[in-house]
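Report on the structure given below.
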Amino acid sequence: MWIRQTRGWSLPESQVTDERIYRGRRRFLQGGAALALGTTLAPRAVFGKPMARLDPLGELAESRFSTDEDLNSYEQITSYNNFYEFGTGKEDPAARAPALLQTEPWSVEISGEVEKPGKVGFEDLLGAHTLEERIYRLRCVEAWSMVVPWAGIPLAEVIKRFQPTSRAKYVRFETLHDPEQMPAQRDDGGGFSWLASLEWPYVEGLRMDEAMNPLALLAVGLYGKEMPAQNGAPIRLVVPWKYGFKSIKSIVRIHFQEEQPVNTWNKIAPNEYGFYANVNPKVDHPRWSQARERRIGDFFKRDTLMFNGYGEQIAHLYKGMDLKKHF
Ligand SMILES: Nc1nc2c(c(=O)[nH]1)N[C@H]1C(S)=C(S)[C@@H](COP(=O)(O)O)O[C@H]1N2
Ligand SMILES: [Mo]
């Protein structure tokens with residue numbers, strides 16, 4: 001698949017990448033050396049596709065937005081997923097997506113209120129930008145969380161290239177719709193009957209100023225490698241101050257429009273999932289509390305932070321808004 005550069009801290013295929021080694025490697029490289037790390041550890045199999053088969057991304061720029069909290073392991077991040085196109089179980093995406101999802105070739109359609117609409121190949125979409133590492137907290141609306149070292153490009157930079165018009169007030173994103181690749185989109189819901197009744201594709205949206213905030217990321221990898229299928233290969237959104245369902249996977253369309261988009265979960269259950277979906281410990285889900293969360297791998301729960309801890313960067317976007325109403 002696409003490889004930008006293979007300098008920096010890219011590793012031999014056989015290098016295992018768990019949290020400890022990944023951190024160690026980053027420190028090591030900051031010290032100036034770049035090669036000759038041990039290769040004696042066996043590659044870690046991640047269900048369908050061993051991570052060793054995913055290409056390294058090359059050098060990534062560091063970001064001031066990264067947290068220094070402990071990372072979740074590669075295995076945790078790639079084996080406990082929500083990607084309903086492949087089933088509703090947390091293990092379903094890892095078990096099914098790597099074999100089914102075809103990410104090559106891939107293109108993204110830019111449409112609606114933009115000066116430069118058109119179909120853009122994946123490599124062209126990325127071509128001009130420097131990949132950054134962004135270590136973000138991810139807080140699912142189901143009250144679990146992880147810390148993930150994403151690799152990607154700021155959404156704002158991509159949006160600017162296509163020159164939205166003054167009528168572009170919102171951005172709508174769509175996931176691939178292909179029942180051959182995504183079992184839940186088949187007539188029988190791929191064995192999950194209630195999924196058959198959903199309207200595909202999965203849709204998400206952001207207000208334009210949210211999309212232009214520097215925290216919003218188009219991610220193409222994690223742990224320094226290409227995006228695993230189950231995490232939304234080859235390109236997905238990451239909006240760290242919002243519940244995980246806003247971070248739409250495997251994007252094939254970015255559409256600019258004047259009206260607020262209707263996002264998939266809002267359509268399914270409008271009283272449970274709003275458009276904004278900002279992480280907010282004070283606004284409970286109708287069926288459970290959002291005050292606390294379980295970090296995957298932890299035994300004890302921890303307090304959930306307002307805006308998932310990103311208020312300094314984004315709280316101003318919601319000044320004067322009633323966050324209980326615009327949940
Ligand atoms: N297309 C699509 N995108 C999706 C989902 C989905 O089911 N389909 N699930 C969302 C939810 S609920 C969460 S919590 C995150 C999970 O991302 P991860 O599996 O990479 O941790 O993806 C989001 N993006
Ligand atoms: Mo989620």
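Indexing begins at 1, ligand by ligand and atom by atom, following the structure's order.
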Atom 18 (P) of ligand 1 - nearest protein heavy atom and its distance: Lys249 NZ, 3.4 Å
Trp144 N/O to ligand 1 N/O under 3.5 Å: no
Part of Leu138 within contact of ligand 1 (heavy atoms, under 4.0 Å): side chain
Contacting atoms of ligand 1, where contact means under 4.0 angstrom from a heavy atom of Tyr84: 6 (C), 7 (O)
Check: Asn82 N/O within less than 3.5 Å of ligand 1 N/O: yes
Distance filter under 4.0 Å to Ser247 heavy atoms, resulting ligand 1 atoms: 22 (O), 23 (C), 24 (N)
Flag side-chain contact, heavy atom, 4.5 Å: Thr304 against Gln290: no
Any N or O of Thr175 closer than 3.5 Å to N or O of ligand 1: yes
Intermediate values then yes/no, salt bridge (charged side-chain N to carboxylate O under 4.0 Å, His left out), Arg295 and Glu69: CA-CA 11 Å; Arg295 180 70 48 87; Glu69 282 165 82; 3.1 Å; yes
Asp298 with Arg294: basic N within carboxylate O range, under 4.0 Å: no
Pairwise distance CG(Leu237) to CG(Leu217) - rounded to 0.5 angstrom: 8.0 Å
Reported CZ-to-NE2 distance for the pair Arg172 and His255, which is rounded to 0.5 angstrom: 5.0 Å
Interatomic spacing from NZ in Lys325 to OH in Tyr276 - rounded to 0.5 Å: 10.5 Å
Heavy-atom nearest neighbour in the protein, as seen from atom 15 (C) of ligand 1, with distance rounded to 0.1 Å: Gly244 O, 3.6 Å
Nearest-neighbour protein heavy atom for atom 6 (C) of ligand 1, which is reported as residue plus atom name and distance: Tyr202 CE1, 3.5 Å
Sub-4.0 Å atoms of ligand 1 with respect to non-hydrogen atoms of Asn231: 18 (P), 20 (O)
Trp150-ligand 1 polar pair, N/O distance under 3.5 Å: no
Glu210 and Lys242 ion-paired at < 4.0 Å: yes
Per-residue contact class, Lys246 against ligand 1 - non-hydrogen pairs under 4.0 Å: neither
Distance, nearest 0.5 Å, that separates OG of Ser250 from CE of Met227: 8.5 Å
Glu85 neighbourhood, listing ligand 1 atoms whose heavy-atom distance to it stays under 4.0 Å: 1 (N), 2 (C), 6 (C), 7 (O), 8 (N)
Per-atom contacts of ligand 1 with Cys140, taking only distances under 4.0 Å to non-hydrogen atoms: 14 (S)
Distance, nearest 0.5 Å, that separates CG of Asn72 from CD1 of Ile296: 7.0 Å
